[in-house]
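Reading through the structure tokens given below for one structure.
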Amino acid sequence: MSVITTTHLNFRGSAREALDFYRSVFGGHTVAVTYKDAGNVQDESEADWVMWGQVVADNGFHVMAYDVPSAMPYEQGANPFFVSVRGEDAEEISALWRRLADGSNVLRPLEPAAWAPLYGMLTDRFGVTWVLDVATPYNG
């Protein structure tokens with residue numbers, strides 16, 4: 001079994017543009033799930049913002065991105081990234097989640113999401129925000 005870490009960049013309304021730019025630089029393909037796609041629209045003006053996105057290239061380049069909703073604090077440069085841990089085994093990701101969640105602030109429980117069999121987000125006791133998910137062919 002194995003897991004990988006991926007840079008997960010945070011934006012406010014420009015994630016799709018950034019992902020398209022990174023694809024133009026590094027190649028590969030882009031996947032972007034909007035808040036509307038996921039059925040999670042909190043603000044109609046943000047319905048087409050990216051809730052989950054990535055660029056993956058054959059050369060190994062992989063970056064993830066999303067648009068921080070206006071209901072959440074965001075200051076460009078202050079919280080520009082998450083650490084994303086991805087794996088193919090739900091038991092392995094769940095075990096990592098349980099250990100990492102100890103003493104952490106769970107922002108989204110580890111549970112099924114529109115783009116992954118399991119997805120969760122937490123901020124650990126050191127202030128680092130982690131995203132753990134089970135990769136599928138759709139999001140791998």
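Only this structure's heavy atoms are used, side chains among them; waters, hydrogens and symmetry mates stay out.
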Close side-chain approach of [X] to [Y], heavy-atom, < 4.5 Å:
X    : Y    : answer
W52  : D133 : yes
W130 : L100 : yes
Q54  : R86  : yes
V56  : H29  : yes
T5   : V3   : no
M64  : S84  : yes
W97  : V106 : yes

- line: side chain to side chain donor-acceptor pair (under 3.5 Å) pairs touching residues 13-28, sequence neighbours excluded, are R23-T30
message: Would you say CD of E44 has more than 12 non-hydrogen atoms from neighbouring residues, nucleotides or ligands within 6.0 angstrom?
response: no
Closest heavy-atom contact between [X] and [Y]?
X    : Y    : result
G13  : W49  : CA-CE2, 3.4 Å
S70  : E46  : OG-OE2, 2.5 Å
R125 : G103 : CB-O, 3.7 Å
A32  : V50  : CB-CG2, 4.1 Å
L118 : L110 : CB-CD1, 4.0 Å
I93  : G87  : CD1-N, 3.6 Å

- line: The ring pair (Phe, Tyr, Trp, His ring centres under 6.0 Å) partners of F21 (sequence neighbours excluded) come to none
- line: Sequence neighbours excluded, the answer for ring pair (Phe, Tyr, Trp, His ring centres under 6.0 Å) partners of Y119 is W115
field: S104: side chain to side chain contact (heavy atoms under 4.5 Å, CB included) partners, not counting sequence neighbours
entry: L122, D124
Non-neighbouring partners of D48 that pass salt bridge (Lys or Arg N to Asp or Glu O under 4.0 Å), sequence neighbours left out: K36
query: Is there a side chain to side chain contact (heavy atoms under 4.5 Å, CB included) between Y74 and N10 once you walk through the steps?
result: CA-CA 9 Å; Y74 175 76; N10 299 332; 4.1 Å; yes
field: Which residues share a side chain to side chain donor-acceptor pair (under 3.5 Å) with T6, sequence neighbours left out
entry: H62
query: Mind checking whether Y35 and Y66 have parallel, tilted or perpendicular rings, split at 30° and 60°?
result: tilted
